[in-house]
Amino acid sequence: MAVHDDCKLKFLELKAKRNHRFIVFKIDEKIQQVAVEKIGSPTSTYQEFTNSLPANECRYAVFDFDFTTDENCQKSKIFFIAWAPDTSRVRSKMLYASSKDRFKRELDGIQVELQATDPSEMSLDIVKGRAL
C-alpha cells in the first residue's frame, strides 16, 4: 500500500504548526494508495469531524484533541482513528485493517489509537477518557 506524500505533509502541519484540527484519509483501491480526503480547519469541532466520516465506508482519520487535565493544564493529544462501520464492504474492511499499521508508522507522533465500527465507539466521552 503506497502512501501519498500529501498524507505525511498534512499530518506534519497538524502536529507541528497546528494548521488543521483533523484529517480524513481514504484508500484509493484502484491505485492502492492512501490519500487525504478531507481536512478540518483549526476551529473545527469534534462533531464536524465525526460528521465527515462516511456512514458506510472505512476511513483512517487523525484528530488533534485539546483538553484540560484535572490539574487544570491545557494539553492536546493526536488521535488515530480507524473507522470501519459494520455496513461497509468486507473487502474494504480487510484492506483497511491489513494496511493500518504500516500507514500509522508513516505518521510519526500519534499518541492514542481508537478503532470504531459505530459512532458510539468514538463518542467525545470516550475520546476524553482515553486522553486523560
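Taken from NZ in Lys17 to CG in Leu12, the straight-line distance is 8.5 Å, to the nearest 0.5 Å. With values rounded to the nearest 0.5 angstrom, Leu14 atom CG is found 8.5 Å from Asn19 atom CG. Taken from NZ in Lys128 to OG1 in Thr68, the straight-line distance is 9.5 Å, to the nearest 0.5 Å. We find the NZ-NE2 distance between Lys15 and His20 to be 13.5 Å, quoted to the nearest 0.5 Å.
Hydrophobic cluster membership differs between Leu114 and Phe80, with clusters built from Ile, Leu, Val, Met, Phe, Trp and Tyr side chains linked at under 4.5 angstrom. When the side chains of ILVMFWY residues are joined at heavy-atom separations under 4.5 Å, either directly or via intervening members, Trp83 and Leu95 end up in two distinct hydrophobic clusters. Taken together through direct or relayed side-chain contacts under 4.5 Å among Ile, Leu, Val, Met, Phe, Trp and Tyr, Leu9 and Val24 form parts of separate hydrophobic clusters.
Distance alone, capped at 3.5 Å, places no donor-acceptor pair between the Ser44 side chain and the Glu48 backbone. A donor-acceptor pair under 3.5 Å links the side-chain atoms of Arg21 to the main chain of Asp64, judged by distance alone. Without hydrogens or angle criteria, Tyr96 side chain to Cys58 main chain gives a donor-acceptor distance under 3.5 Å. Side-chain atoms of Lys77 come within 3.5 Å of backbone N or O of Ala131 as a donor-acceptor pair.
By the neighbour-count criterion of 12 heavy atoms within 6.0 Å, atom CE of Met94 is sparsely surrounded, having that number or fewer from other residues, nucleotides or ligands. The 12-atom threshold is exceeded at CG of Asn51, counting heavy atoms of other residues, nucleotides or ligands nearer than 6.0 Å.
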Mind running salt bridge (charged side-chain N to carboxylate O under 4.0 Å, His left out) on Asp66 and Lys75 for me, showing each step along the way? CA-CA 6 Å; Asp66 292 328; Lys75 286 196 169 183; over 6 Å; no
Walk me through whether Met122 and Thr50 qualify under side-chain contact (heavy atoms from CB on, under 4.5 Å). CA-CA 8 Å; Met122 50 183 257; Thr50 56; 3.5 Å; yes
One pair to check against salt bridge (charged side-chain N to carboxylate O under 4.0 Å, His left out): Arg89 and Glu29. What are the steps and the verdict? CA-CA 12 Å; Arg89 295 187 343 266; Glu29 293 184 27; 3.0 Å; yes
Test side-chain contact (heavy atoms from CB on, under 4.5 Å) on Lys104 and Ile110 and set out the steps. CA-CA 8 Å; Lys104 220 174 77 181; Ile110 289 169; 3.7 Å; yes
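Taking the side chain as every heavy atom from C-beta outward, Ile27 and Met1 approach each other to under 4.5 Å.
Nearest heavy atom pair, residue Arg18 against residue Ser76, reads NH1-OG, 3.0 Å. Shortest non-hydrogen contact noted between Val62 and Ile78 is CG1-CG2, 3.4 Å. Leu107 and Cys7 make their closest contact through CD2-O, 4.1 Å (heavy atoms, listed as atom of the first residue, atom of the second, distance). Nearest heavy-atom pair across Ala61 and Leu53 is CB-CD2, 4.3 Å. Closest non-hydrogen pair, Pro54 versus Pro85, comes out as O-CG, 4.2 Å. Between Val112 and Arg130, the shortest heavy-atom distance links the atoms CG1-NH2, 3.7 Å.
Between Glu113 and Lys100 there is a salt bridge, with a side-chain nitrogen of the basic residue lying less than 4.0 Å from a carboxylate oxygen of the acidic one.
No side-chain donor-acceptor contact under 3.5 Å links Ser123 and Asp125. Remark: the Ser52 side chain and the Arg59 side chain contain no N/O donor-acceptor pair separated by less than 3.5 Å. No side-chain N or O of Gln32 forms a donor-acceptor pair with one of Asp28 less than 3.5 Å apart. A donor and an acceptor atom, one from each side chain of Ser88 and Glu57, are nowhere located under 3.5 Å apart.
Ring geometry for Phe63 versus Phe65: interplanar angle of 30 to 60°, hence tilted.
The residue from Phe79, Phe103, Phe11 that alone fulfils the ring pair (Phe, Tyr, Trp, His ring centres under 6.0 Å) condition with Tyr60 is Phe103. Tested against Val3, the residues Arg105, Gln33, Arg102 include a single side-chain contact (heavy atoms from CB on, under 4.5 Å) partner, Arg102.
For Phe22 and Phe49, the distance between ring centers is under 6.0 angstrom.
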